[in-house]
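Whatever order the structure lists ligands and atoms in, that order sets their numbers, starting from 1. Model, not experiment: these values are computed from the prediction.
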Amino acid sequence: MEIISGVALSRNIKEEIKEEVSGFLDQGLRKPKLVAVLVGLDGPSQTYVNAKVKDCHQVGFESEAIRLDESTSEEELLSWVKKLNEDASVDGFIVQLPLPKKIDETKILLAIDPLKDVDGFHPVNIGNMALGLPGFVPATPAGVMQMLDRSGIETSGKHCVIVGRSKIVGMPLSILLARNSNPGNCTVTLTHSRTKNLEEICKEADILIAALGKPGFIKADMVKKGAVVIDVGISRVETDTNEKGYLIQGDVDFNSVSDKVSFISPVPGGVGPMTRTSLLTNTLRAYKRSFNLN
Ligand code: NDP
């Protein structure tokens, strides 16, 4: 059994990005710039935004976190989006989700210029992804694809079962893995909360991807011997064993499942760091596009 270290893989990708950026700076170009907009005081969102800013600095990007008050209105947020769309010094930006309930998330996502939508959530980018056209692929699915590719995992002809069909993880992953490309060419089964015989279906997977948000849901008896298991789940589970008062857990019961599989990604240290790195990759792509460097 091999543990796929998202930490090690993302370190390599960051080194590659850093080298590329340094080459552009040597040519006299400015740094790539990523902006994250955060509305309110949601704890995990603050952690994610801080991590994104830190990642940018590590690879030589400029970055900025725009922290808006919880009381920010939809109109105010839309005017920030407009400003960022028009700011030529900003290559890409994200509006950290979830947003306060009174703000319509779809309205905000639709207002983002698809060419700066480095989260890849805009319908134009989802459409481009589905058609295999250039565009931004959502960060977590892109991170999983990199993980499979860089770990040398053969996907062609394999049966891939994805548990969870969300717009940001399961659905785009199902498209990417079914595409006629490498990695890709899988036979994909996309499952969800209404799926019958989930256990049986999971047991048939050569590649099993868990993205449902239920800690420890995938047990050893749901997994085929020798399968590849990718755990996307991140849940905070209360504990009194540390000062934070919580542990981060994935959707896979790692201890029992890891004995049976050929590859498994851990949580933490698996898909999470790959997701963060994909955002950098997308930002660099946006930067290169604006300077015609492709
Ligand atoms: P959502 O809540 O948006 O979607 C969950 C999906 O799982 C839904 O499609 C739901 O089905 C399905 N589901 C729920 N319960 C079951 C069940 N018992 N059996 C089968 N399917 C089920 O979650 P996200 O996709 O946003 O996130 C999933 C997990 O991934 C979370 O833990 C999240 O924190 C984590 N995550 C991790 C990231 C990373 O970087 N590692 C990035 C993004 C998310 P239905 O559609 O029928 O409701």
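- From the protein, the heavy atom lying nearest to atom 29 (C) of ligand 1 is G213 N, 3.6 Å.
- Checked by atom type and distance alone, the side chain of R179 pairs as donor or acceptor with a backbone atom of M129 at under 3.5 Å.
- For the side chain to side chain donor-acceptor pair (under 3.5 Å) criterion with D206, the lone passing option out of K158, K224, H159 is K224.
- Every atom of ligand 1 with a heavy atom of I168 under 4.0 Å away is listed here by number and element: 26 (O).
- The residue K167 has no part lying near ligand 1, judged by heavy-atom distances below 4.0 Å.
- Of all atoms in ligand 1, listed by their number and element, those nearer than 4.0 Å to a heavy atom of F217 are 18 (N), 19 (N).
- Annotation: side chain of F217 is in contact with side chain of L212 (closest heavy-atom distance under 4.5 Å).
- Other residues, nucleotides and ligands contribute more than 12 heavy atoms inside 6.0 Å of the CG atom of N242.
- Residue, atom and distance of the protein heavy atom nearest to atom 3 (O) of ligand 1 are S166 CB, 3.4 Å.
- V169 CG2, 4.0 Å is the protein heavy atom nearest to atom 44 (C) of ligand 1.
- Atom 21 (N) of ligand 1 has H192 C, 3.1 Å as its closest protein atom, hydrogens excluded (heavy atom only).
- Looking at I230, V232, T191, it is V232 that brings a heavy atom closest to atom 35 (C) of ligand 1.
- Annotation: I234 places an N or O atom under 3.5 Å from an N or O atom of ligand 1; distance criterion only.
- Judged by the shortest distance from any of its heavy atoms, A211 lies inside the 4.0 Å radius around the atoms of ligand 1.
- Neither the backbone nor the side chain of V267 has a heavy atom within less than 4.0 Å of ligand 1.
- Here is the list of ligand 1 atoms found below 4.0 Å of a heavy atom in V271: 41 (N).
- Not a single N or O atom of R194, backbone or side chain, sits closer than 3.5 Å to an N or O atom of ligand 1.
- Those atoms of ligand 1 that come under 4.0 Å of a heavy atom in G272, given as number and element, are 40 (O), 41 (N).
- Shown in contact with V163 at under 4.0 Å from a heavy atom are these atoms of ligand 1, numbered in order with element: 20 (C), 21 (N).
- At a threshold of 4.5 Å between non-hydrogen side-chain atoms, the residues I209 and C160 count as touching.
- In the model, S79 has no side-chain atom that pairs as donor or acceptor with a side-chain atom of E76 under 3.5 Å.
- Among all protein heavy atoms, the one lying closest to atom 12 (C) of ligand 1 is G164 CA, 3.8 Å.
- From the protein, the heavy atom lying nearest to atom 46 (O) of ligand 1 is R165 NE, 2.7 Å.
- Closest protein heavy atom to atom 19 (N) of ligand 1: L198 CD2, 3.7 Å.
- Distance alone, capped at 3.5 Å, places no donor-acceptor pair between the S151 side chain and the I153 backbone.
- Checking L212, V144, T275, D231 against atom 7 (O) of ligand 1, the nearest heavy atom belongs to L212.
- Less than 6.0 angstrom separates the ring centroid of F24 from the ring centroid of Y287.
- Within 6.0 Å of NZ in K219 there are more than 12 heavy atoms belonging to other residues, nucleotides or ligands.
- The 12-atom threshold is exceeded at NZ of K203, counting heavy atoms of other residues, nucleotides or ligands nearer than 6.0 Å.
- Remark: ligand 1 atoms within the under-4.0 Å shell around heavy atoms of K214 are 14 (C), 15 (N).
- A donor-acceptor pair under 3.5 Å is formed between the side chain of T275 and the backbone N or O of V271.
- In summary, D91 and K33 do not engage in a salt bridge, as defined by a charged side-chain N under 4.0 Å from a carboxylate O.
- Salt-bridge annotation for E86 and K82: present, with a side-chain N of the basic residue lying under 4.0 Å from a carboxylate O of the acidic one.
- Given atom 10 (C) of ligand 1, the protein heavy atom at minimum distance is S193 N, 4.3 Å.
- Only the side chain of T140 comes within contact range of ligand 1, with a heavy atom under 4.0 Å; no backbone atom does.
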